[in-house]
Number of protein chains: 2
Amino acid sequence: MTNKDKKQEILTMARGMVQARGYNALSFRDLAAAVGIKSASVHYYFPTKGDLAATLAHEYTDEFLAYLNGLVEEGVPWDQCIHAFAGVFRKTLLRENRMCLGGILAAERPDLDLEVQAEVERFTELLVQWLCGVLAKGKPKMKPKELRRQALAIFAAIEGAQLMARGSGDVAVFDDALEAYSDIGLLPPN
Amino acid sequence: MTNKDKKQEILTMARGMVQARGYNALSFRDLAAAVGIKSASVHYYFPTKGDLAATLAHEYTDEFLAYLNGLVEEGVPWDQCIHAFAGVFRKTLLRENRMCLGGILAAERPDLDLEVQAEVERFTELLVQWLCGVLAKGKPKMKPKELRRQALAIFAAIEGAQLMARGSGDVAVFDDALEAYSDIGLLPPN
DNA sequence: ACCTGAACACCGTTCAAGT
DNA sequence: ACCTGAACACCGTTCAAGT
């Protein structure tokens, strides 16, 4: 196994742990045990917990965005793109009641190093931009500023639905909220 | 200073700390120092961190609800009640970028004792019920099930707007999202 | 290049001991 | 009744030492 493989293995394991229990709850000793090394060795790959989290968040953003851009390139209609976006959050909940990495890190913001805070902002910014682009197809007459506000609103509403579903440990809460969003026109109809 | 005073002082201080930095980041030693005792003494009032958090969450719910019910009793119109509800979340952000206690505990759910998880669910349930009651005045023809879904959606959307505003450290994000919610009719117009 | 044990100051918790 | 210091097993981090 190469260096890169091991590093990636640590990242993958850590991502799941943070999404499941949060940044503060992530233990280097648990993480090390999960990949079969000692906690001191994790520092060989990532000098600090902040470095690990920043890398984690950066990759998460890139992969999330690659998936979303893939949908657009495949020619998926704009309204189905929005639903696919929401679907990612739903799928995350189904796996051990996990949260969006950007969401849980946002909640823990004051405990994060500046570099990690910056990655959270990058995540939000890039996904809002993607939503803007997709939304623009459905609402061609809308002004850029209003478009951006609506993209943000859709994003926030979905994050909030996920947060409340996690808090109650019940995916139905997420589904109910999203159905109401569709009824009212915040999300396109099914 | 009586026992009750000291206990309340601990609770008040702990509440602010959890809203600012989260449950996992709350340190008994920091908390003890803030109220002028040693960390071991905090355990005299609250045997475990879970006991403290559960009491915290219970009081938070009660106080939040008392404020909201006060609005209704004063005869504040239903749409202004909803805006006042949202206003609490905005005000929380303005104080050191704090979060709703129910929201941040929801994010940290897997790290919470069962009694604390139950308090988070109580918080959500009681506030949703209050929103249902207020919303019913504005939409008298709406069926109970749909009413509840919409109350949940409003709650989730506001929590999400707060989460994203916290993540970016910018209240304008909260304001933008809420403006979009109003535009689309999820929240009543201003 | 990659890993380790031991040490450091932290954490929640317990408990015997103080007043 | 209320508080304490000391101990326990944890935490992230550092570092000299191993291969």
Side-chain angles (χ1 to χ4, degrees), chain A residues 1-57 104-105 108-117 119, chain B residues 1-57 104-105 108-117 119:
Chain A
M1 185 182 293
T2 69
N3 180 333
K4 205 177 178 184
D5 283 340
K6 196 66 158 181
K7 194 168 182 177
Q8 198 53 56
E9 197 188 347
I10 294 172
L11 280 171
T12 304
M13 196 59 80
R15 183 196 290 189
M17 287 177 167
V18 174
Q19 287 188 258
R21 311 226 294 117
Y23 174 79
N24 279 320
L26 174 69
S27 156
F28 266 45
R29 284 173 174 84
D30 289 348
L31 176 58
V35 299
I37 55 177
K38 296 294 169 181
S39 84
S41 304
V42 178
H43 291 275
Y44 171 76
Y45 298 95
F46 303 98
T48 67
K49 200 175 174 180
D51 290 317
L52 172 60
T55 309
L56 219 55
I104 194 148
L105 290 181
E108 299 183 285
R109 178 170 220 251
D111 305 320
L112 305 177
D113 292 339
L114 288 180
E115 41 175 345
V116 187
Q117 290 183 24
E119 287 297 338
Chain B
M1 184 182 295
T2 69
N3 181 332
K4 206 176 176 183
D5 283 341
K6 195 65 155 183
K7 195 168 182 176
Q8 197 53 56
E9 196 188 348
I10 294 172
L11 279 172
T12 305
M13 195 60 80
R15 183 196 289 188
M17 287 176 168
V18 173
Q19 288 188 258
R21 309 225 295 116
Y23 173 80
N24 279 321
L26 174 69
S27 156
F28 266 47
R29 284 173 174 84
D30 289 348
L31 176 57
V35 301
I37 56 178
K38 296 294 170 183
S39 84
S41 304
V42 178
H43 291 276
Y44 172 75
Y45 298 96
F46 303 98
T48 69
K49 199 175 174 182
D51 291 318
L52 173 60
T55 309
L56 220 57
I104 194 149
L105 290 182
E108 298 182 286
R109 179 171 219 251
D111 306 320
L112 305 177
D113 291 339
L114 289 179
E115 42 175 344
V116 187
Q117 290 183 23
E119 287 296 338

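Quick note on labels: first sequence line is chain A, next is B, and so on, each numbered from 1. Keep in mind that what you see is a predicted model, and the values were worked out from it rather than measured. In what follows, every heavy atom counts, from backbone to side chain, and hydrogens, waters and symmetry copies are set aside.
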- Task: Decide yes or no for A:Glu115 and A:Asp51: does some side-chain heavy atom of the first lie under 4.5 Å from some side-chain heavy atom of the second?
- Result: yes

- Query: Looking at A:Tyr23, does the NZ or CZ of A:Lys49 lie under 6.0 angstrom from its six-membered ring centre and within 45 degrees of the ring axis?
  - Reply: yes

- From CD1 of A:Ile37 across to C1' of D:dT19 the rounded distance in Å is 16 Å

- Item | Within-4.5 Å side-chain heavy-atom neighbours: B:Leu105 and B:Val18 | yes

- Task: Could you check which nucleotide pairs with C:dA1 in any of the strands shown, counting Watson-Crick or G-U wobble with both distances under 3.5 Å?
- Result: D:dT19

Show me the protein contacts with nucleotides 12-14 of chain D, counting only N or O atoms at under 3.5 Å.
| from | atom 1 | to | atom 2 | distance (Å) |
| --- | --- | --- | --- | --- |
| D:dG12 | OP1 | A:Leu26 | O | 2.8 |
| D:dG12 | OP1 | A:Phe28 | N | 2.7 |
| D:dG12 | OP2 | A:Phe28 | N | 2.8 |
| D:dG12 | N7 | A:Arg29 | NH1 | 2.7 |
| D:dG12 | O6 | A:Arg29 | NH2 | 3.1 |
| D:dT13 | OP2 | A:Lys49 | N | 2.8 |

- Below 4.0 angstrom from OP1 or OP2 of C:dC2, is there any side-chain N or O of A:Ser41? no

- Under 3.5 Å on both distances, the Watson-Crick or G-U partner of D:dA6: C:dT14

- Query: Can you check whether A:Val42 reaches A:Val35 side chain to side chain, under 4.5 Å on heavy atoms?
  - Reply: no

- Message: Less than 6.0 angstrom from the centroid, inside 45 degrees of the normal: does A:Lys7 satisfy that with respect to the ring of A:Phe46?
- Response: yes

- Message: Using OP1 and OP2 only, check whether a side-chain N or O of A:Tyr45 sits under 4.0 Å from C:dC3.
- Response: yes

- Query: In whole angstroms, how far is the C1' atom of C:dC10 from the CG atom of A:Asp111?
  - Reply: 15 Å

- Message: Taking only side-chain N and O atoms of B:Tyr44, does any of them lie within less than 4.0 angstrom of OP1 or OP2 on D:dC3?
- Response: no

- Could you check how far NZ of B:Lys38 sits from P of C:dT19, rounded to whole Å? 17 Å

- Would you call B:Lys6 and B:Ile37 a side-chain contact if the rule is heavy atoms closer than 4.5 Å? yes

- Whole-Å gap separating C1' (C:dC3) and NZ (A:Lys7): 16 Å

